[in-house]
Amino acid sequence: MSSILDNLNDKQREAAGHIDGPLLIIAGAGSGKTRVLTHRVAYLIKECGVNPYNIMAITFTNKAAGEMRERVDRIVGEGCEAVWVQTFHATCVRILRRHIHEIGFDNNFTIYDTDDSKTVMKRVLKKLNVDPKYVRESTVLRAISDAKNDLIGPDEYADRYRNDYSKRTISQAYDLYQDMLRDNNALDFDDLLRLTVALFKNCPEVLENYQHRFKYIMVDEYQDTNNAQFELVRLLAKEHGNLCVVGDDDQSIYKFRGANIGNILGFESNFPGAKVVKLEQNYRSTKNILDAANAVIANNTGRKPKRLWTDREEEDPVFFSIYDNSAEEAEGVVSEIERLKSKGLADYGDCAILYRTNAQSREFEARFVRDGVPYFIVGGVNFYSRREVKDMLAYLKTVDSGRDDVSVRRIINVPKRGIGATTIEKIATFADDAGLGFYEACGMADEIPGLGKAASKVLAFVNLIDSFRKCLEENGPTETLKMIVDETDYQNELKEEDADDASERIGNIDELINTLRQFEDDEPEGTLSQFLEDAALVSDLDSADEDTSRVMLMTVHSAKGLEFPRVFLCGMEDGVFPGYMSINSDDPDDIEEERRLAYVAITRAQDVLYISSARARMVRGETQYNPVSRFIKEIPEEMLERGPSGNIIGGRTSYKSSYRSSMPERKIADDGKPQAPIFKKNARALMASGGLSGSVIQKGATLAGTKPDYEVGDRVMHLKFGEGEVLAIEKGPRDYQVTVNFDNAGQKIMYAAFAKLEKMR
DNA sequence: CGTACTAGTCTTTTT
DNA sequence: GACTAGTACG
């Protein structure tokens, strides 16, 4: 009898087929870990009779979640919608929305991004009369974040460091910061995790409910989990013990944000009786590339011994070139890419340029622009962090609830309407004294002493927001956003301010409008609040997907999980990569982390790897002369083919496209989709993360609008709402709209393609 | 209250 | 080198 697991190699099958008890899958780079995870889900459902409802898979990025969801859909088909496939943060939001009131918070909380946190912290430090010259917000926020990741709340923090004078300011700031978040009904990213754990610890019945439900739990990129995430997973898996984690200790590169590599190294002692499976066969790279990667990573101590191997034989060497300066490096790399393209050896989309820091993208970009080569820079400023987008979101948040002071204060004078800092402070003081929210206080502007003429301006602002609220009720979110843009004349403001980047910013606003409309179309029951929640958890990285026609530029961190036929690893100099911070650090693990990062970089390459360094480079406005990276010296000389200074000697052998078709499930460039604007992709990723209200949106679902196979009067079955009777079917602009009266859930209007209604016979 | 200039920070990476 | 926040001045 054939099995889903037949498609896997022995080790993969061993891993995917292990069902009961804790399981650690050490998955080397390119060893097919997503494949194993998705097949395991399929196997559980199709061959072990496990109810999809009992399965949870957790990832770090929306992109990974979307990808996994898509692939599970493909293998399992119908019925897998009930599987939870989400990021840690989205999972927590989903749980907290339902239960956080049980630990004294409002279920309707908003989520603050790092930018918002910074704004709050600034006010905290001001209130505490701390001189920002001596204590920086970022330092305090870092310390608080670390504490949260270790599940230390403000009270415990104060307790713990009672006698440590140096921590006193931080302790006070932590306390006040949490107060302000609470006043604003907001949680920051770290709170999402911390409070979910707190919820579980304080409300055993809630925990039991989820423990009972999730009989099978899978965690991707386990080497990147922090202590809070560990605790979350441990608690959830406690009842059934069927915890399957996948990761690679050699690819642990997020220590700086709290990841604890000890979680993966100590899995067997934390979960006694754990089975361990190592996936060491690499399906991605040539032998040369793997040898180089192995040679570098072998210098790390404290790792699980493993050695990647491949049965690929193609033998282009690893190319290494030293340039006189970074401009020549950029020139050399770009001209090599152009050469490859013109000789038909590679398409632009086959090439990726990887670097340690975002700032390094500049010189490459300049070359690409000059030569008219299509390129795409991943990362940089997150779409949702751009000023114009944040402004619009702040308007929407204010319209939606007005409870979020940070948002109200952000836009009360944007565009300029004559409400200055003094006025804002007076309102804030009044609000504090009266125990009101900032926005509420605005509504009472004429009762606030000392506002003078400004009072009428503030009231005009309140009226403006009221008119938007009315619009929201009558015409929905998208129309409201359009009205906001029109009424505030925001686009003209942008033009006057800086004509050069106005068009890009206006474009971003248009994209936001499109995304909101898409959201409304896709989820007719979705509210503005929901959209705003989702938006807070989406990053630009999610758009780093299939773009077949452009050279991709990104940091090594962003490249994790991706693969490219030709990789250019640039700026390999001591001080750049490894970064000077790690070189000067007293903690030897910092260098090891950089080495893991180098390992990640090298293993992104499928067919050819080009490494380069520059003798001179501008860093923060000054020229640095750095030696060749120590990591390059760790690669045996015979594995490298050195180019003469300033010149890459390019691919000696021809490029065989046959490698590519033989690769199992390539991630990049496998569907030839025309490239969509960046934000459209974000939208898709956003949708893929699932409605946080509990409804699950299928990424793969089309809106093509085939006529459903049921008719008015038929009894139908819905995954979440159960049985019901079809009252109406209407053809909408993109899909059929179905009205169903559910026996238990009442009347709902839904889109046919999404609702996946099944006719009862 | 708004504008224009200055100083300081940033460059590690993300939800 | 670029961006941002903060300050002085109009």
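Below, all heavy atoms of this structure are taken into account, side chains as well, without hydrogens, waters or symmetry copies. Fair warning: this is a prediction, and the values are worked out from it, not measured in the lab. Letters A, B, ... are given to chains in the order of the sequence lines, protein chains preceding strands, and every chain is numbered from 1.
Taking the side chain of A:T61 as heavy atoms from C-beta on, and the options B:dC1, B:dT15, B:dT13, the nearest nucleotide is B:dT15. Ranking B:dT13, B:dT15, B:dT3 by closeness to the A:T357 side chain, first place goes to B:dT13. Between C:dA2, B:dT13, B:dT15, one nucleotide has an atom nearer to the side chain of A:H557 than all others, and that is B:dT13. If you check B:dC1, B:dC10, B:dT14 against the side chain of A:T422, the one that comes closest is B:dC1. Candidate nucleotides B:dT15, B:dC1, C:dG1 were compared by shortest atom distance to the side chain of A:M618, and C:dG1 ranks first. Checked against B:dC1, B:dT11, B:dC10, the side chain of A:A359 finds its nearest nucleotide in B:dT11. Looking at the side chain of A:N413, the nearest of the listed nucleotides B:dC10, B:dG2, B:dT13 is B:dG2. Closest to the A:Y580 side chain, of the nucleotides B:dT13, B:dT11, B:dT3, is B:dT11. Side-chain proximity of A:K122 to C:dG6, B:dC10, B:dT14: nearest is C:dG6. The side chain of A:Y254 approaches B:dT13 more closely than any other nucleotide in the set B:dT9, C:dA2, B:dT13.
Contacts of A:S582 with the nucleic acid, taken as non-hydrogen atoms under 4.0 Å apart, are absent. Among the atoms of the strands shown, none is found under 4.0 Å from any heavy atom of A:Y355. Across all strands, A:G418 comes closer than 4.0 Å only to sugar-phosphate atoms, never to a base (heavy-atom distances). Residue contacts for A:F60: at a heavy-atom cut-off of 4.0 Å it reaches the sugar-phosphate backbone alone, with no base atom in range.
To the nearest angstrom, P of B:dT14 lies 15 Å from CD of A:Q223. The distance between atom CZ of A:R417 and atom P of B:dC1, rounded to the nearest whole Å, is 14 Å. Atom CG of A:L451 is separated from atom P of B:dC1 by 9 Å (rounded to the nearest Å). Rounded to whole Å, atom C1' of B:dT11 lies 19 Å from atom CE of A:M554. The distance from atom CD of A:Q251 to atom P of B:dT13 is 19 Å, rounded to the nearest whole Å. Here the P atom of nucleotide B:dC1 and the NZ atom of A:K457 are 7 Å apart, to the nearest Å. When rounded to the nearest whole Å, the span between CZ of A:F577 and P of B:dT13 equals 13 Å.
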Item to check | Test log, rule side-chain contact (heavy atoms from CB on, under 4.5 Å), inputs A:E331 and A:R370 | outcome: CA-CA 11 Å; A:E331 172 73 35; A:R370 190 197 66 184; 3.4 Å; yes

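Among all heavy-atom pairs drawn from A:D590 and A:S585, the shortest one is OD2-OG, 2.6 Å.
Between B:dT13 and C:dT4, the distance separating the two P atoms is 15 Å to the nearest Å.
Looking only at atom types and distance, the side chain of A:Q223 has a donor-acceptor partner in the side chain of A:E221 under 3.5 Å away.
A 6.0 Å sphere centred on OH of A:Y625 holds no more than 12 heavy atoms belonging to other residues, nucleotides or ligands.
Here the side chain of A:R596 pairs a donor or acceptor atom with the backbone of A:S252 at under 3.5 angstrom.
Here A:R362 does not pair with A:E365 in a salt bridge; the nearest charged N to carboxylate O distance is not below 4.0 Å.
Residue ring and nucleobase are stacked for A:F256 and B:dT13, with a centre distance beneath 5.5 angstrom and an angle between planes beneath 30°.
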